[in-house]
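Have a look at the structure below, then the notes.
Predicted, not measured: the structure shown is a model, and the values here were computed from it. The sequence lines fix the lettering, A, B, ..., with proteins before strands; numbering per chain opens at 1.
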Protein chains: 2
Amino acid sequence: MVKLLDEKDAKALPDHIGWRLWQASRAWKAEFAEAMRAAGHGWFSEGRAGLLGHIPRRGTRQAALIERMGISKQAVQQLLDGLEAEGVIERTPDPEDKRGKFVRYTSKGLAALDDGDHIKIDIEKRYRERLGEGSFEALMAALRGLAEPQAS
Amino acid sequence: MVKLLDEKDAKALPDHIGWRLWQASRAWKAEFAEAMRAAGHGWFSEGRAGLLGHIPRRGTRQAALIERMGISKQAVQQLLDGLEAEGVIERTPDPEDKRGKFVRYTSKGLAALDDGDHIKIDIEKRYRERLGEGSFEALMAALRGLAEPQAS
DNA sequence: GCATATCGTCAAGATGCTTGACTACCTTGA
DNA sequence: TCAAGGTAGTCAAGCATCTTGACGATATGC
């Protein structure tokens, strides 16, 4: 089996910032999703994680969710359909705008959020141990710096 | 339009390592893909980028590609089908193994690779300017640290 | 030389997105 | 005030990317 991956190919793996970010993001998501499923939230998927990250505990208007997700409203709607069918969230009419709907967690959804918070803390703790406090904080600071709106 | 994104919602955005990594990775990919398409490589997509990153300039055996991608061989095949139809890569029989095929770039594919390299350098340069050299290097060092195989 | 494994392919299906078209409702302004 | 235009949500159809299963052709090991 040694032959399958020859040495030249192995050395050709990239090392630029985009690749590293993608790898790290991918690894984190996989670790988180696996832990969530292990915690009994079999409905959890990486695709849904992005959406849940935009729904605060007290709920939100569906339109606000759409704006913040940066994807089409139909895509958001389909994700919500799935989560609603799983009993994770529910949609009620928005009393302030009869066109709109309000998205909130069910108790099942809130329980999953709590578990997710604990898992995040666990993963972060492991990252801190692996990198050391200083390097981890430098990483977070740099990532926050990249996320800021560009000045120019 | 101010009303669309209320302040409470804006403050609820997460700030843990996984979210930050995901955001940064997403931003980089979007920036790169947009630049590639602007450079005339309209066939470029983020999904295809992962595959191209695993094909060295001198080409590779399809089986090696499959092993390194970490996805099913059928998925790799379908991606290759698409790239071949676009004229970016070509598949020839592997002279050393009559079961196998060898994947190499066409001249069009090599030109795209060159453009991609320049775009990566440009983006990285912008990142260095935004973060400062020290912070950027700390970011890269931390990301490399996370990518290393775990000791425990 | 035969059993077993690998390489590539075809087919069918799931998921997560897209655009287009539509209804219901809200807001604006002459 | 009421018509025009914008916004919220939905339904439908389609595309890209991935999956699993089944298969023929070729290599490899004993």
Side-chain angles (χ1 to χ4, degrees), chain A residues 1-6 22 26 29-30 33 37 42-54 59-86 89-104, chain B residues 1-6 9 22 26 29-30 33 37 42-54 59-86 88-104:
Chain A
M1 295 309 130
V2 182
K3 191 182 158 195
L4 275 177
L5 187 58
D6 71 52
W22 178 73
R26 197 161 169 257
K29 284 191 296 182
R37 284 189 285 262
W43 52 268
F44 188 85
S45 73
E46 298 181 19
R48 285 166 170 173
L51 181 64
L52 294 174
H54 281 101
T60 184
R61 288 176 305 116
Q62 187 166 323
L65 205 47
I66 288 161
E67 192 193 13
R68 281 167 45 177
M69 283 291 289
I71 58 178
S72 71
K73 59 184 178 181
Q74 294 91 334
V76 172
Q77 187 182 13
Q78 289 165 22
L79 284 170
L80 288 173
D81 286 346
L83 289 172
E84 195 169 31
E86 295 285 352
I89 56 108
E90 59 187 2
R91 279 181 281 193
T92 55
D94 184 342
E96 294 177 6
D97 186 338
K98 286 180 185 170
R99 294 169 304 176
K101 294 213 172 158
F102 198 82
V103 177
R104 67 178 75 254
Chain B
M1 295 307 129
V2 181
K3 192 182 156 195
L4 275 178
L5 186 58
D6 71 53
D9 276 7
W22 178 73
R26 198 160 168 257
K29 283 192 294 183
R37 285 189 283 262
W43 52 269
F44 188 85
S45 74
E46 297 182 20
R48 285 167 169 172
L51 181 64
L52 294 175
H54 282 99
T60 184
R61 288 177 305 115
Q62 187 166 321
L65 204 48
I66 288 161
E67 192 193 12
R68 282 167 45 179
M69 284 291 289
I71 59 177
S72 71
K73 59 184 177 180
Q74 295 90 335
V76 172
Q77 188 182 13
Q78 288 164 22
L79 284 170
L80 288 173
D81 286 347
L83 289 171
E84 195 169 31
E86 295 286 351
V88 176
I89 55 107
E90 60 188 359
R91 279 181 283 193
T92 56
D94 183 341
E96 295 176 7
D97 186 337
K98 286 180 184 171
R99 294 169 305 179
K101 294 214 173 158
F102 198 83
V103 177
R104 68 178 75 254

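The nearest whole Å value for the distance from the CG atom in L83(A) to the P atom in dT15(C) is 13 Å. If you take NZ of K98(A) and P of dG9(D), they are 15 Å apart, rounded to a whole angstrom. One atom, NZ of K101(A), and another, C1' of dT23(C), lie 13 Å apart when rounded to the nearest Å. As a whole-Å value, the separation of L51(B) CG from dT17(D) P is 10 Å. One can place CD of E84(B) at 13 Å from C1' of dG8(C), the figure rounded to the nearest angstrom. Nucleotide dT6(C) holds its C1' atom 11 Å from the CZ atom of R61(B), rounded to whole Å. Following rounding to the nearest Å, R99(A) (CZ) and dT27(C) (P) show an atom-to-atom distance of 6 Å. One interatomic measurement links the two molecules: CD of E67(B) to P of dT6(C), which rounds to 11 Å at whole-angstrom precision.
Using a 4.5 Å cut-off on side-chain heavy atoms (C-beta onward), K101(B) and T92(B) make no contact. Side-chain contact between F44(B) and V88(B): absent, with no pair of heavy atoms (C-beta onward) separated by less than 4.5 Å. Between R61(B) and V103(B), the closest side-chain pair of non-hydrogen atoms is not below 4.5 Å. Side-chain contact check for W43(A) versus R48(A): some heavy-atom pair is nearer than 4.5 Å. Proximity of K29(B) to W22(A): side-chain heavy atoms (C-beta onward) are separated by under 4.5 Å at one or more points.
For dT10(D), one of the phosphate oxygens OP1 or OP2 lies less than 4.0 angstrom from a side-chain nitrogen or oxygen of R91(A).
Checked against dC7(C), dT9(C), dA8(D), the side chain of A63(B) finds its nearest nucleotide in dC7(C). Distances from the side chain of Q77(B) to the nucleotides dG8(C), dA8(D), dT10(D) place dG8(C) closest.
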Do nucleotides 16-22 of chain C as a string where each nucleotide becomes B, S or -: B if the base has a protein heavy atom under 4.0 Å, S if just the sugar-phosphate does, - if no protein is that close.
-> SBBBBB-
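E84(A) is linked by a salt bridge (charged side-chain N to carboxylate O under 4.0 Å, His left out) to R91(A), counting only residues two or more places apart in sequence or in another chain.
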